[in-house]
Amino acid sequence: MSSDNTTIRRTTSYFSTLRTIYAKELRGYLCVPFGWVVLGCTMALQGFILQAVLQIMSHATGNGVLYHMLDNLNFWFYFIFIFPLITMRCLAEEERQGTLEGLLTAPVTTTQIVLGKYFAAYTFYLILWLPMLLYPSVSRLGNLYTELRYGIQPEGTITYMIADWVGPFTILALTGAFFVALGILCSAMSRSQIISAILSTCLMIMYYFMGRVTELWGEFPAAPIFHYLSCTEQVKSFASGVIDTRPFVLYISLTIFTLALTKRVVDYRRWTR
């Protein structure tokens, strides 16, 4: 019984420390102008792409709006650059301010440091996509107002279906889990935020173009591997309503591996001080 109580106390203390680091890092995103600037820019770009898509679909069936948004090249342009912005400061900023040494010598484990920073960055990443959930409600309210005010159905009405949004948000969450972990790894490997951002951007662009290899070189014996790794194909599949378990395995495995590698990097920096 005594050993069970000790285990419970240790577990409670472990998660309490992890929660403290997580809350501190999340406040660093939400309580400073930088986080709101990133959120505002992301919302503006989302609105720009949505407007372009709605113009294209104004005379279509209206289904799959988010599919066309994610299939837009402009989406990938700003999507990749989101992650360096929200992760470059995670450990590189601690190094610049001189607080990393105190954090590494504090009575916390490396796993708690890495997971606390990761979950805070990942939570902020998910917050960036919450405004998109308002699009169907705003559209329906606008259509309802037009019907009640003028007694007519708006021309070119876009119908939003919940099923059209479940798949896209699922793949955005999966892809983001890996990319956030990759960004934190780059931040742990560098003492400069700029270098961290450049490194993570290059790695994410390389991963993105791995899925485009078959478009450039055609089908070859190793092509199935590149199809499996293609984030663009996965996004199109999920956005069209096809939920596949393979991306779950892929991105969860890549995320765990990347976080484990980040822990090794931080451990090296801890013991070489």
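Note that this is a predicted model, so its numbers are computed, not measured.
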Which heavy-atom pair separates [X] from [Y] by the least distance, and what is that distance?
| X | Y | answer |
| --- | --- | --- |
| Ala188 | Val265 | O-CG1, 3.6 Å |
| Leu30 | Trp36 | O-NE1, 2.7 Å |
| Pro247 | Phe238 | CG-CE1, 3.6 Å |
| Met204 | Leu182 | CG-CD2, 4.0 Å |
| Ser196 | Gly183 | OG-O, 4.3 Å |
| Pro84 | Thr201 | CG-OG1, 3.1 Å |

Do any N or O atoms from the side chain of [X] and from the backbone of [Y] form a donor-acceptor pair under 3.5 angstrom?
| X | Y | answer |
| --- | --- | --- |
| Gln234 | Tyr228 | yes |
| Thr123 | Phe119 | yes |
| Tyr29 | Ile86 | yes |

Following the transitive rule for hydrophobic clusters with a side-chain heavy-atom cut-off under 4.5 Å over Ile, Leu, Val, Met, Phe, Trp and Tyr, establish whether [X] and [Y] coincide in one cluster.
| X | Y | result |
| --- | --- | --- |
| Tyr207 | Ile225 | yes |
| Val266 | Ile195 | no |
| Phe81 | Phe209 | no |
| Phe178 | Leu126 | yes |
| Leu85 | Phe77 | no |

- Hey, mind stepping through Tyr125 and Phe179 against ring-ring contact (aromatic ring centres under 6.0 Å, His included) and telling me if it holds? CA-CA 10 Å; Tyr125 163 77; Phe179 281 180; 8.9 Å; no
- How many angstroms lie between NZ in Lys263 and CG in Leu115, if you round to the nearest 0.5 Å? 10.0 Å
- Query: Between atom CD of Glu25 and atom SG of Cys90, what is the distance when rounded to the nearest 0.5 Å?
  - Reply: 6.5 Å
For [X], all residues meeting side-chain contact (heavy atoms from CB on, under 4.5 Å), sequence neighbours excluded:
| X | result |
| --- | --- |
| Thr232 | Trp76, Tyr208, Arg212, Ser230 |
| Arg27 | Ala23, Lys24, Cys31 |
| Thr42 | Val38, Gln46, Tyr78, Ile82, Leu128 |

- Message: Holding to side-chain hydrogen bond (donor to acceptor under 3.5 Å, both in side chains), I want the full list of residues that pass it with Thr111, two or more places apart in sequence or in another chain.
- Response: none
- Query: Going by the side chain to side chain donor-acceptor pair (under 3.5 Å) test, which pairs reach into residues 170-189, not counting sequence neighbours?
  - Reply: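 Listed once each, the pairs would be none.
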- Can you label the angle between the Phe79 ring and the Phe83 ring as parallel, tilted or perpendicular, going by 30° and 60°? perpendicular
- Query: Under a single-linkage rule joining Ile, Leu, Val, Met, Phe, Trp and Tyr whose side-chain heavy atoms are separated by less than 4.5 Å, which residues share a cluster with Ile194?
  - Reply: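 Ile198, listed by chain and number.
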Heavy-atom side-chain contact between [X] and [Y] under 4.5 Å:
| X | Y | answer |
| --- | --- | --- |
| Leu18 | Phe15 | yes |
| Leu199 | Ser190 | no |
| Leu203 | Leu185 | no |

- Task: Determine, step by step, whether Tyr251 and Ile171 satisfy the side chain to side chain contact (heavy atoms under 4.5 Å, CB included) criterion, reporting the C-alpha distance in whole Å, the side-chain angles of both residues, the deciding distance to 0.1 Å, and the verdict.
- Result: CA-CA 10 Å; Tyr251 287 116; Ile171 193 61; 4.3 Å; yes
